[in-house]
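Below is one structure, written out as structure tokens, with a few remarks after it.
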Number of protein chains: 2
Amino acid sequence: MFSADAPHFRILRLLRDEGPVSRAELGDRLGLTRPRLLSEVERLIASGIIVEAGMAASRGGRRSTLVEIQPNLRFAAVDLGASSIDIEITNGRLEPVAAFHEVADIRSGPRAILQRVNDMLAKAKVEGAFERLDGIGIGVPGPVSFRDGVPVSPPIMPGWDRHPVRELLAREHGCPVVVDNDVNIMAIGERHGGVAHSVDDFLFVKIGTGVGCGIHLGGGVYRGVDGCAGDIGHIQVDANGPVCSCGNTGCLEAVFSGSALARDALLAARSGESPALAERLAAADSGELTARDVAEGAAEGDVVCIRLIREGGRRVGGVLAALVSFANPSMIVIGGGLAQLGHVLLAEIRSVVYRRSLPLATGNLPVVLSELGSRAGVAGAAVLASDLAFEQAS
Amino acid sequence: MFSADAPHFRILRLLRDEGPVSRAELGDRLGLTRPRLLSEVERLIASGIIVEAGMAASRGGRRSTLVEIQPNLRFAAVDLGASSIDIEITNGRLEPVAAFHEVADIRSGPRAILQRVNDMLAKAKVEGAFERLDGIGIGVPGPVSFRDGVPVSPPIMPGWDRHPVRELLAREHGCPVVVDNDVNIMAIGERHGGVAHSVDDFLFVKIGTGVGCGIHLGGGVYRGVDGCAGDIGHIQVDANGPVCSCGNTGCLEAVFSGSALARDALLAARSGESPALAERLAAADSGELTARDVAEGAAEGDVVCIRLIREGGRRVGGVLAALVSFANPSMIVIGGGLAQLGHVLLAEIRSVVYRRSLPLATGNLPVVLSELGSRAGVAGAAVLASDLAFEQAS
């Protein structure tokens, strides 16, 4: 989508990611001739997207003027989850200037949810987070046609199929809008400012209510022919396993995910098999248990909690071992809500991946937890929004 | 590796794939301005890599001169298998001018095998297939560092680890050489002249002595960080399955592959369970059975043969269903020796893939047999050789 080689795009990305840089250094860093660089910089200054920012330290000879991204640039990063809306407003360097979180059911449909998004953005504006937006990036929990900016047959988003999300937001806010899958934006976030910083080929595995995978290959997200690449939650891991929401049996996310773990924890609490979970269930007003209860139980040494996590890790590890054999990535990042299960989960995943994949593929393969946690999505959405705005600045 | 946008590269590829074209049409097709096109063409004519080829039919106005790839250009395409060497000499349009096949054990080591390759090339030269070579493409049955032109920790190629295959062949023959994995070159072959013609995102699954996958994404082969992407033969499909050559249990290729099928067929023949196989074993001098025996038995209606093929197809289908969920390709091509099991195998693979993957990913997903068969490897090696030679023609 982005013509990553265009000089103006490379200049803007460098200033976004590194802050004020002198013209001289810009030319050196980007391998541009001085006349070419100067004409590009003048054009970007004239368009208002970059500004001068004082003098650089001397490198010997004449001092060079610093340039930087226009400080008033504002991007909106929106992360729609199955049950939440997260929005960050960032400046041109992708530093958050405001953040908002609301509980919302994606099944309320596109009109209701996009109205909520617009209301949250209106609130941000009133509070002074921005005067106008220069770009919006939005992630949704389902397959997306990246080219068309619409969700495509998203299983958990009734009413959203081919809803013109990009067009509606662009019209409402008068700025470029980019729509992507929620796991893809998390992968992009981790690559820009997290544990996968500058790693070209990695898998970002989100284990939340569902399970999905962001595939970052050759420096970009691979989205597949229909926008549903990375849909690993429906890989079968147990032919005799529980029935999945998709209608098949034994899918990974039917066996291990936020909802599967809540189900298994409730069973273990009710049967009295796990004292730690029974105690938490008695104290819970909701009558439900979550991954946090299991994590706490495991930390206290409750064997059922530890077993639930290890069995889940073994299932995830089995799928990842297959994907490592297939894709030969240079890193695997584990994120999403269940990443809070921490090192018990991670140790089990690692053990299966390292045992089951070939040594050549695992010799230098870190399997690590997400650094950005619940911020990964908005961080990636801001990167996409700025990339699009910068590209269109030509 | 290849700067696919360079005008000279695009001109040469077009002439390679379509034959003589007029200057006027070249400019139109490639979107080049007339002065740019003319200067590129003159430069390529001066370098001898293209030549004039008479007048084009009139398009109204002045007739344009045809140009074509130099007819004397010669590429050598080499496909090293576990037990064979296939070589094709092609002209600049990748039409075969000579083909050679010899039985050879890759475990003889790099010196012996590359000597055989050189001997076969010397024979081709004596027979008049070429005077000098303009490029060599070679595929080997193991992981390759594409950048370095060397095999990397190849499991079934003792002695080949980091052997300087590219350097040695380049020195011997005085031409550019490109080394790749054997399944990757098969995928490239099918894309250039086979069933995946011009398809950008597809998987080529080779089921031969072992099992591997060529991953063609976004118009190019994806090779992974260590050159071992696509190594799907070692994905576990049965935790209680047979021990694999890699030391793990229940790998796909330990359960279904040329060698696994030969093993299972021999058992079924000896036990008398399969009359068709028992009969063939009695007639076989070697005391062994092959996939061909199973295919013939199935064609005669032998239930054990049919069951062996269907069970294998189910295993392959299970792995491919997972890969479809992960990679969301637009086509799957089944090749390698076991593709001769034909439609019984294909039907079973399709049935599992279509049942187990999400409808969005399988709605338009053809699962088809290779068109090029045993020629896929040399066809792809020739494409790589010519791409490299054309790139270096700048």
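All chains are named by letter (A, B, ...) in the order of the sequence lines, taking the proteins before the strands, and each is independently numbered beginning at 1. Computed over heavy atoms, backbone and side chain alike; hydrogens, waters and symmetry mates excluded.
Highest contact tally toward chain A, considering only B:Gly224, B:Ala229, B:Gly230, is held by B:Ala229 [criterion: heavy-atom pairs under 4.5 Å]. Here A:Ala327 is the residue among A:Ala361, A:Gly227, A:Pro143, A:Ala327 with the most heavy-atom pairs under 4.5 Å with chain B. Chosen from A:Leu360, A:Val324, A:Asp201, A:Ile232, the residue pairing most often with chain B at heavy-atom distances under 4.5 Å is A:Leu360. If you tally non-hydrogen atom pairs under 4.5 Å between each of B:Ser357, B:Cys228, B:Pro329, B:Pro359 and chain A, the highest count goes to B:Cys228.
Within the 4.5 angstrom heavy-atom criterion, atoms from both the backbone and the side chain of B:Phe326 approach chain A. Only the side chain of A:Leu203 comes within contact range of chain B, judged by heavy atoms closer than 4.5 Å. Contacts between B:Ala321 and chain A at a heavy-atom distance below 4.5 Å are absent for every atom of the residue. Heavy atoms of B:Leu323 lying under 4.5 Å from chain A belong exclusively to its side chain. For B:Val152, the parts lying near chain A are the backbone and the side chain together; criterion is any non-hydrogen pair under 4.5 Å.
Heavy-atom neighbours of A:Arg310 CZ from other residues, nucleotides or ligands within 6.0 Å: at or below the threshold of 12.
By a heavy-atom distance cut of under 4.5 Å, B:His234, B:Ile235, B:Gln236 are the residues of residues 233-243 of chain B near chain A, going up by number. Proximity to chain A at a heavy-atom threshold of 4.5 Å picks out B:Cys246, B:Asn248, B:Thr249, B:Cys251 from residues 244-256 of chain B, in numerical order.
Contact of the B:Asn328 side chain with the A:Asp231 side chain is not registered, since no non-hydrogen atoms from C-beta on lie closer than 4.5 Å.
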